[in-house]
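See below for the structure under consideration.
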Amino acid sequence: MSRDPVEPRLKRIVGTPLTTRPLRAGSTLTGGDGERMVQQQQRAIETKEQLLSAAAEVFGRQGYRATTLNDILGSTNLTQGALYFHFKSKVGIAEEILRRQHELSNALGASFLQSGDGGLVSIVRLSGALAAQILTEPIVRAGLRLGTESAEDLPGAAAPYRDWIEMAHELLRRADTEGDLRPGLNLEAAAELVISAFTGTQFVSAALSGSADLLERLERLWPVLLGGMAGDPGHPAVARASELVRAGASTGMDAGIPS
């Protein structure tokens with residue numbers, strides 16, 4: 001069955017950043033008015049970023065349902081008016097964090113799709129790079145917790161999982177073309193299993209160690225999981241999983257994309 005190209009879907013971004021509004025036809029600005037407008041818009045952008053940064057920290061620590069708007073405001077020096085200027089509800093803040101998390105993680109995933117690495121090796125290295133994002137980026141950490149724990153509360157929470165399953169499917173198709181998978185492997189089921197296993201590992205690590213042992217858990221995961229998919233039990237994705245996870249984490253921490 002034919003499929004839409006993967007990368008355009010992975011690069012899809014919902015919404016647009018705040019930009020300068022165009023002047024209405026026939027209107028003009030003096031130099032002072034234009035400068036004041038730019039300053040106001042810059043302050044608005046900074047305020048929005050401050051709110052999102054605070055919300056990411058609180059959501060990442062407490063989860064969606066336990067967090068109130070007052071909790072978010074309490075970690076800033078902003079007023080309720082400033083909050084409601086940018087966001088009408090807690091849902092709106094959470095959805096924006098989910099969008100940004102998905103944008104960051106998709107950029108990372110797209111870079112591995114475009115790389116020349118083998119499909120199975122890319123899966124393992126990408127998991128390490130994503131783990132680095134989780135450990136270093138509050139927006140990513142909060143977005144993953146929101147998408148995992150509060151999917152029923154947030155309408156946009158399901159879409160990232162579909163995109164990630166499709167990305168895993170694309171990497172498995174590459175591995176199949178390279179002859180690295182055992183004959184007859186159901187690629188769609190395998191892609192869902194890969195994403196389910198990574199998500200579950202991330203969730204368990206967060207619950208038991210605050211994500212401190214995430215890399216170690218991934219190092220144990222892939223030899224077991226990919227060992228059942230690879231045609232060769234000595235494939236590098238199986239035999240060198242620990243090294244590949246760490247290499248992916250290193251590139252993720254350095255630049256967010258593979259070298």
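None of these values were measured; they are calculated from a predicted model.
The backbone N or O of I134 lies less than 3.5 Å from a partner atom in the side chain of R141, making a donor-acceptor pair. With hydrogens and angles disregarded, no donor-acceptor distance shorter than 3.5 Å links the side chain of S150 to the backbone of D153. Here the side chain of R174 pairs no donor or acceptor atom with the backbone of G118 at under 3.5 angstrom. Checking side-chain atoms of N186 against main-chain N and O of A189 turns up a donor-acceptor pair under 3.5 Å.
Between E96 and R99 there is a salt bridge, since at least one side-chain N of the basic residue sits less than 4.0 Å from a carboxylate O of the acidic one. Salt bridge status for E149 with R65: absent, with no side-chain N to carboxylate O gap under 4.0 Å. A salt bridge links E166 with R173: at least one charged nitrogen is closer than 4.0 Å to a carboxylate oxygen. Using a cutoff of 4.0 Å between basic side-chain nitrogens and carboxylate oxygens, R125 and E243 are not scored as salt-bridged. Classification of R162 and E192 as a salt-bridged pair fails, no side-chain N sitting under 4.0 Å from a carboxylate O. Taking the charged nitrogens against the carboxylate oxygens, E49 and R100 do have a contact shorter than 4.0 Å, which makes a salt bridge.
For Y161, there are no ring pair (Phe, Tyr, Trp, His ring centres under 6.0 Å) partners two or more places apart in sequence or in a different chain. In this structure, S122 has no side chain to side chain donor-acceptor pair (under 3.5 Å) partners at least two apart in sequence or on a different chain. With sequence neighbours excluded, no residue satisfies side chain to side chain donor-acceptor pair (under 3.5 Å) with E178. Annotation: side chain to side chain donor-acceptor pair (under 3.5 Å) contacts of Q80 (sequence neighbours excluded): none. Here D176 pairs with nothing under the side chain to side chain donor-acceptor pair (under 3.5 Å) rule; sequence neighbours left out.
Rounding to the nearest 0.5 Å places CZ of R145 at 10.0 Å from CZ of R61. Atom OG1 in T68 sits 7.5 Å away from atom CD in Q62 (nearest 0.5 Å). The CD1 atom of I45 sits 14.0 Å away from the CD atom of Q50 when rounded to the nearest 0.5 Å. Taken from CD1 in I123 to CE in M167, the straight-line distance is 7.5 Å, to the nearest 0.5 Å. Atom CG in D117 sits 10.0 Å away from atom CG in L171 (nearest 0.5 Å).
In terms of heavy atoms, S127 sits closest to F198 at O-CE1, 3.8 Å. Closest non-hydrogen pair, A94 versus Y64, comes out as CB-CE1, 3.7 Å.
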Apply the test side-chain contact (heavy atoms from CB on, under 4.5 Å) to residues E219 and R246: give CA-CA distance (whole Å), side-chain angles for both, the deciding distance (0.1 Å), then the verdict. CA-CA 8 Å; E219 292 170 17; R246 296 288 172 170; 2.4 Å; yes

For W164 and H102, what are the C-alpha separation, side-chain angles and deciding distance, and is it a side-chain contact (heavy atoms from CB on, under 4.5 Å)? CA-CA 10 Å; W164 277 102; H102 194 37; 4.0 Å; yes

Verdict with reasoning, L154 to V91, per side-chain contact (heavy atoms from CB on, under 4.5 Å): CA-CA 7 Å; L154 303 172; V91 170; 4.3 Å; yes

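Considering only heavy atoms from C-beta on, N106 stays 4.5 Å or farther from E103 through its side chain. Between L144 and F203 the shortest side-chain heavy-atom distance does not fall below 4.5 Å. Residues P155 and E95 form a side-chain contact, since some pair of their non-hydrogen atoms from C-beta on lies under 4.5 Å apart. Between L113 and E170, the closest side-chain pair of non-hydrogen atoms falls below 4.5 Å.
Side-chain atoms of Q133 and S105 form a donor-acceptor pair, as typed in the model, at a separation below 3.5 Å.
Exactly one of L78, T47, L69 qualifies for a side-chain contact (heavy atoms from CB on, under 4.5 Å) with L83. That residue is L69.
Residues Y84 and F87 are members of one and the same hydrophobic cluster, defined by side-chain heavy-atom contacts under 4.5 angstrom among Ile, Leu, Val, Met, Phe, Trp and Tyr.
With a 4.5 Å cut-off between side-chain heavy atoms of Ile, Leu, Val, Met, Phe, Trp and Tyr, the cluster of L208 takes in V204.
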